[in-house]
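Take a look at the structure set out below.
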Amino acid sequence: MKQSLQSWRHVFKLDPDRPLEDEVLEAICMSGSDAVMVGGSSGVTYENTVDLLSRIRRFEIPCVLEVSDLEAVVPGFDLYMIPMVLNTSRSDWLVGQHARAVEQYGYMIPWELLVPEGYLVLNPDSTVARVTEATTGLDAAAAAAYAQVADKLLQMPIIYVEYSGTFGDMELVADVRRCLEGARLFYGGGIHDAETARRAAAVSDTIVVGNAIYSDLQGALSTVRAVKGNSITGGSSNGSFYGSGSR
Ligand code: 1GP
């Protein structure tokens, strides 16, 4: 599964704390997207995560958990994405909580299924920015510098430029991507139709679509067609997990 992540161009992010009708979930899981990521910044519990996982498992699409709350780590996901916020002003969100988790649960952590994500949180009005006390006012050079620390020094496989709730600065995203050597660039924030999907996909390796699922399903589904075309989903990858995609 880690290898196949290298070929993901499109991911839907589902929030366990938000209600989702069966028909909508089916449309998402059958859309041709490469994967479903389960995660949210608040209200994520073990119960609502189990519930959503079991509903997604009726379909074949890969399903990964983005861990935001230790109490809500549920077994049975294909991979566990571990956010590490690069531009937080509190080390807790970079490594502190992670260290506590290892101390407490280290003996049962399936390390081979963990994928670190170096997060750059850039929308000051987002919940994740408030919770992590992120320094969101970075210019492109500063954002690229953080990204290079994660990519070249820490060897992180994913840099996630997160504008959750608003469409970000695509020039900044392009600058960040240009400086990466090994990491894959995920972009999320404000993608809601084919046009925004294409623009984001042009400057990143993988786009993530969240809110639009809940506000405009047809718009959300059009983002898949915009970047996937007629290609077959979940295709194999020639690159290693830690190798970069083409850029
Ligand atoms: C959120 O990056 C994702 O973590 C997607 O953002 O909800 O704005 O689509 P949106």
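Remember, it's 1-based here, ligands and their atoms both numbered in the order they're listed.
Counted by atom type alone, Asn211 and Arg18 present one or more donor-acceptor pairs between their side chains at under 3.5 Å. Remark: the His10 side chain and the Thr206 side chain contain no N/O donor-acceptor pair separated by less than 3.5 Å.
Taking each heavy atom of Val11 and Trp8 in turn, the nearest pair found is CG2-CE3, 3.8 Å. Shortest non-hydrogen contact noted between Thr88 and Leu94 is CG2-N, 4.1 Å.
Annotation: Glu171, atom CD; neighbour count of heavy atoms from other residues, nucleotides and ligands within 6.0 Å does not exceed 12.
The closest side-chain heavy-atom distance from Asp15 to Tyr214 is below 4.5 Å.
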Exercise answer, ligand 1 polar atom pairs (N/O) under 3.5 angstrom:
unit_1, atom_1, unit_2, atom_2, d
ligand 1, 2 (O), Tyr160, OH, 2.7
ligand 1, 2 (O), Glu162, OE1, 2.7
ligand 1, 2 (O), Glu162, OE2, 3.4
ligand 1, 4 (O), Lys13, NZ, 2.7
ligand 1, 4 (O), Glu162, OE2, 2.5
ligand 1, 6 (O), Gly189, N, 3.4
ligand 1, 7 (O), Asn211, N, 2.8
ligand 1, 7 (O), Asn211, ND2, 2.9
ligand 1, 8 (O), Gly165, N, 2.8
ligand 1, 8 (O), Gly190, N, 2.9
ligand 1, 9 (O), Gly210, N, 2.9
ligand 1, 9 (O), Asn211, N, 3.4

